[in-house]
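Data block below; observations after.
Every value quoted in this text rests on a predicted model; they were computed, and no experiment measured them.
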Amino acid sequence: MAKFDTRLTFVQVGLAAGLVLVLAQSARLQLVRGSTYAAEAERSRTAHEVLPARRGAIRDRNGVPLAITQEYYHVGIAPNELADPGADARTIARALGLPPDRLRRALA
């Protein structure tokens, strides 16, 4: 009977040692290396891409456009916040490709 008890003790010790090793490995992965793996998973799951989404025209059955997309820009300037309206008007006109006198009249 001593052989059976000895073998059973070895099996129990082996299983306990295996359980301790599995728990130690899982603790190391979660507690020590967890933030590294979380950052790697975030990088692999996340993609930042700008998708150009142009709107299409709405056409009737003959292909005649009923509604089309027109791009335009609006520039707002607060004239009371300009330090030197004349020089600022020249700078803004140069940047926008407009005649300076037209912009100066619009700012007045």
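Rounded to the nearest 0.5 Å, atoms CD1 (Ile77) and CD1 (Ile92) are 4.0 Å apart. If you take CG on Leu98 and CZ on Arg90, they are separated by 15.0 Å, rounding to the nearest 0.5 Å. Distance check, rounded to the nearest 0.5 Å: CD1 of Ile58 to CG of Leu66 gives 7.5 Å. Expressed to the nearest 0.5 Å, how far CD of Glu40 lies from CZ of Arg33 amounts to 9.0 Å.
Checking Thr9, Leu15, Val11 one by one against Val13, the side-chain contact (heavy atoms from CB on, under 4.5 Å) holds for a single residue, Thr9.
Cluster membership for Leu23 and Val32, using ILVMFWY side-chain heavy atoms within less than 4.5 angstrom, is not shared. In the hydrophobic clustering of ILVMFWY residues, with side-chain heavy atoms under 4.5 Å counting as a link, Leu19 and Phe10 come out apart.
Asp84 contributes no side-chain N or O that, together with a main-chain N or O of Asp88, makes up a donor-acceptor pair within less than 3.5 Å. Side chain of Asp60 to main chain of Asn62: a donor-acceptor pair is present (N/O by atom type, distance under 3.5 Å, no hydrogens or angles).
Residues satisfying the salt bridge (Lys or Arg N to Asp or Glu O under 4.0 Å) test with Glu42, not counting sequence neighbours, are Arg45.
Of all non-hydrogen atoms in Ala57 and Ile68, the two that sit nearest each other are CB-CG2, 3.8 Å. Nearest heavy atom pair, residue Ala93 against residue Pro100, reads CB-CA, 3.7 Å.
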